[in-house]
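Read the structure below first, then the notes.
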Amino acid sequence: MISYSGLLQKLDEKGLTNTALAKELGISSRTVAKIGRREKIADYVLEKMAVFFVQV
């Protein structure tokens, strides 16, 4: 099973909603919804998220 607990924690720490994250990264809300359902998301999306959280 995939765990995005660290990512979800970062979202909470930064006060970001899933919608705000999708808009900031230029990804679909459907992709962000996969995180909540613990589904696999593309590696390039994970890379975008990692870069985003390092910069914020």
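Numbers for residues simply follow the sequence, beginning at 1. It should be emphasised that the depicted structure is a prediction, and the values quoted were computed from it without experimental measurement.
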Ignoring hydrogens and angles, write down the donor-acceptor pairs under 3.5 Å from the side chains of residues 45-56, residues two or more places apart or on other chains.
from: Lys48; atom 1: NZ; to: Leu25; atom 2: O; distance (Å): 3.2

| task | Only counting residues at least two apart or in another chain, list the ones meeting side-chain hydrogen bond (donor to acceptor under 3.5 Å, both in side chains) with Ser28. | result | Thr31
| query | Do you know the tightest heavy-atom contact between Lys40 and Lys34? | reply | O-CD, 3.8 Å
| field | Candidates Asn18, Leu11, Thr19, Thr17 - the one meeting side-chain contact (heavy atoms from CB on, under 4.5 Å) with Val32 | value | Asn18
| field | Within 6.0 angstrom of Arg37 CZ, more than 12 heavy atoms from elsewhere | value | yes
| said: Return the OG to CG distance between Ser5 and Asp12, rounded to the nearest 0.5 Å. | reply: 12.5 Å
| task | Take Ile41 and Ile35, measure what side-chain contact (heavy atoms from CB on, under 4.5 Å) needs, and give me the verdict at the end. | result | CA-CA 7 Å; Ile41 56 177; Ile35 295 168; 4.0 Å; yes
| query | How long is the span from the CZ atom in Arg30 to the CD atom in Glu39, to the nearest 0.5 Å? | reply | 10.0 Å
